[in-house]
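Residues take their numbers from the sequence shown, with the count starting at 1.
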Amino acid sequence: MALVAVLIELVLVVVTMLVTATLVFVGPRRFVTAVRDFRWRLEACALPLAVLAGVLFLRWATGDLLPQLSWRLLGSNITPYIFELERTVFSQNPVTVLQAFQTEVITTYFVFSYIYGYAFLLTFPFIAYFVLEEMDDLSTLLVAYTANYAIGLICYVLFIAYGPRNFDPFLFEGVLYQAEVFPASGYLTHTVNVPENVFPSLHTSMAMTVFFLAWLTREKYPLWVPVAGILAVSVLISTMYLGIHWLSDAIAGVVLALVSVYIGVHYSVEGVLESTKGYLIARFGRIGSESRRG
């Protein structure tokens with residue numbers, strides 16, 4: 001019941017933010033017109049949406065299995081290497097530096113950014129791109145999201161990595177779990193996240209993906225660009241301030257966002273399927289012909 005109550009609160013806050021953003025950036029008349037024409041819009045992006053749903057289901061279904069699989073196949077815990085790398089590069093670990101500025105106001109802002117701002121940041125582009133005359137930007141968004149989660153899943157199998165708060169609670173504080181503001185947020189994060197999977201930071205990669213796409217589509221939503229940028233950077237910093245991720249995780253998250261946006265802009269699900277089909281026909285068709293001649 002506690003999780004349900006937290007989710008209801010999250011939905012209410014995010015919906016309020018979505019309604020406000022839709023009125024400001026999209027406009028009620030434009031939104032209503034798009035909703036009336038929803039059929040062709042959904043049909044145009046049905047395939048990438050289905051692929052994204054499949055990857056999300058896979059991620060949800062294997063949440064507990066991935067760490068076990070990773071331990072049995074590779075058993076490569078990279079956390080000490082991350083710690084040593086950052087200790088070599090910096091005189092003080094960036095997480096320690098950020099947590100030195102800890103106040104109730106700053107903690108409130110970063111917890112809000114990490115939980116509610118992040119959920120809003122990821123969902124508003126669906127509305128923003130859904131109301132456009134073409135569905136190309138929405139398809140790009142869906143492919144980029146899919147690439148983030150798919151590459152993230154592979155990384156979580158290859159690398160076992162614990163966040164600062166789990167690596168050494170005497171050096172790094174788990175601010176999210178100690179925060180007096182939004183006390184239920186720690187419970188929600190603890191329920192959803194797996195402590196071994198912090199490299200790369202998907203919070204950072206997804207948030208920065210939204211910002212990069214906002215920049216690419218700035219002619220359509222110029223006012224959205226600074227809002228997305230401030231929120232994305234806030235999410236990035238919050239992952240370290242709250243003791244969840246290292247700077248290395250955040251940097252890897254930004255790189256993953258750039259790769260995912262590149263994939264989203266240059267590739268489509270339909271194109272990948274056609275290329276795969278063409279390759280298989282050419283490959284097995286040639287083998288079949290050689291077998292018949294032999």
Side-chain angles (χ1 to χ4, degrees), residues 14-53 55 113 116-151 200-238 250-251 253-272 274:
V14 173
V15 167
T16 302
M17 297 173 74
L18 288 174
V19 170
T20 305
T22 301
L23 292 174
V24 173
F25 299 119
V26 176
R29 185 174 300 176
R30 192 180 185 189
F31 177 75
V32 171
T33 302
V35 170
R36 286 174 179 165
D37 296 332
F38 74 95
R39 290 187 184 279
W40 74 264
R41 297 171 190 273
L42 285 180
E43 289 173 359
C45 60
L47 187 56
L49 188 61
V51 173
L52 174 60
V55 172
S113 300
Y116 303 97
Y118 176 70
F120 162 71
L121 194 60
L122 263 58
T123 48
F124 177 67
F126 283 100
I127 298 174
Y129 298 142
F130 182 78
V131 304
L132 297 176
E133 294 301 319
E134 303 288 341
M135 293 296 98
D136 294 348
D137 292 320
L138 183 55
S139 293
T140 299
L141 175 79
L142 293 169
V143 174
Y145 277 8
T146 303
N148 268 286
Y149 284 116
I151 297 173
S201 165
L202 271 187
H203 258 68
T204 298
S205 69
M206 295 295 290
M208 294 306 293
T209 292
V210 172
F211 171 58
F212 292 146
L213 291 177
W215 175 259
L216 291 177
T217 58
R218 59 190 179 279
E219 292 184 358
K220 294 155 187 168
Y221 295 108
L223 295 178
W224 171 237
V225 178
V227 175
I230 292 171
L231 274 176
V233 173
S234 297
V235 170
L236 185 156
I237 296 174
S238 73
I251 293 173
V254 174
V255 173
L256 176 56
L258 288 169
V259 171
S260 298
V261 169
Y262 178 86
I263 293 173
V265 170
H266 291 88
Y267 297 92
S268 66
V269 175
E270 293 84 353
V272 171
E274 283 298 318

Exercise. Do Thr204 and Leu256 have side-chain heavy atoms sitting under 4.5 Å apart?
Worked result: no

For this session: With the side chain counted from C-beta on, respond yes when Leu142 and Cys45 share a heavy-atom pair under 4.5 Å apart, and no when they do not.
Result: yes

Exercise. Distance from Ile127 atom CD1 to Leu138 atom CG, nearest 0.5 Å?
Worked result: 11.0 Å

Seminar exercise, completed: Minimal heavy-atom distance between Pro222 and Pro226, with the atoms involved, is O-CD, 3.3 Å

For this session: Taking all heavy atoms of Thr146 and all of Pro48, pick out the closest pair and write down the distance.
Result: OG1-O, 4.3 Å

Exercise. Say you draw a straight line from OG of Ser113 to CG of Leu121; how long is it, rounded to the nearest 0.5 Å?
Worked result: 10.0 Å

Exercise. Any side-chain heavy atom of Trp40 within less than 4.5 Å of one from Met135?
Worked result: yes

Exercise. Hey, which of Val235, Val225, Leu231 is the one that makes side-chain contact (heavy atoms from CB on, under 4.5 Å) with Phe211?
Worked result: Val225

For this session: Decide side chain to side chain contact (heavy atoms under 4.5 Å, CB included) for Asp137 and Leu213; before the verdict, give the C-alpha distance in whole Å, the side-chain angles of both, and the deciding distance to 0.1 Å.
Result: CA-CA 8 Å; Asp137 292 320; Leu213 291 177; over 6 Å; no

For this session: Please indicate whether Tyr267 has more than 12 foreign heavy atoms, meaning atoms of other residues, nucleotides or ligands, lying under 6.0 Å from its OH.
Result: no

Problem set entry | side chain to side chain contact (heavy atoms under 4.5 Å, CB included) between Tyr118 and Met206, worked out | CA-CA 9 Å; Tyr118 176 70; Met206 295 295 290; 3.6 Å; yes

For this session: Could you grab the distance from atom CG of Leu122 to atom NE2 of His203, nearest 0.5 Å is fine?
Result: 8.5 Å

Exercise. To the nearest 0.5 Å, how far apart are CG in Leu258 and CZ in Phe212?
Worked result: 4.0 Å

Problem set entry | Single hit among Ile263, Leu216, Val265, Thr217 for side-chain contact (heavy atoms from CB on, under 4.5 Å) with Thr140 | Val265

For this session: Compare all side-chain heavy atoms of Val261 with those of Met208 and state whether any distance is below 4.5 angstrom.
Result: no

Exercise. Is there a side-chain contact between Asp136 and Ser139, using heavy atoms and a 4.5 Å cut-off?
Worked result: no

For this session: Heavy atoms only: give me the nearest Val143-Gly264 pair and the separation to one decimal.
Result: CG1-CA, 3.7 Å

Seminar exercise, completed: For Pro125 and Leu141 the tightest heavy-atom approach is CB-CD2, 3.8 Å

For this session: Indicate, with yes or no, if the rings of Phe25 and Phe124 have centres closer together than 6.0 Å.
Result: yes

Exercise. Is any side-chain heavy atom of Arg218 closer than 4.5 Å to a side-chain heavy atom of Leu223?
Worked result: no

Problem set entry | Residue pair Phe120 / Val15, side-chain heavy-atom distance below 4.5 Å | no

Exercise. Hey, is the main chain of Ala128 close enough, under 3.5 Å, to the side chain of Tyr221 for a donor-acceptor pair?
Worked result: yes

Problem set entry | Residue pair Tyr149 / Leu52, side-chain heavy-atom distance below 4.5 Å | yes

Exercise. Are any side-chain N or O atoms of Arg41 and backbone N or O atoms of Phe38, one a donor and one an acceptor, separated by less than 3.5 Å?
Worked result: no

For this session: Give the C-alpha distance, both sets of side-chain angles, the deciding distance and a yes or no for side chain to side chain contact (heavy atoms under 4.5 Å, CB included) between Leu132 and Tyr129.
Result: CA-CA 5 Å; Leu132 297 176; Tyr129 298 142; 3.9 Å; yes

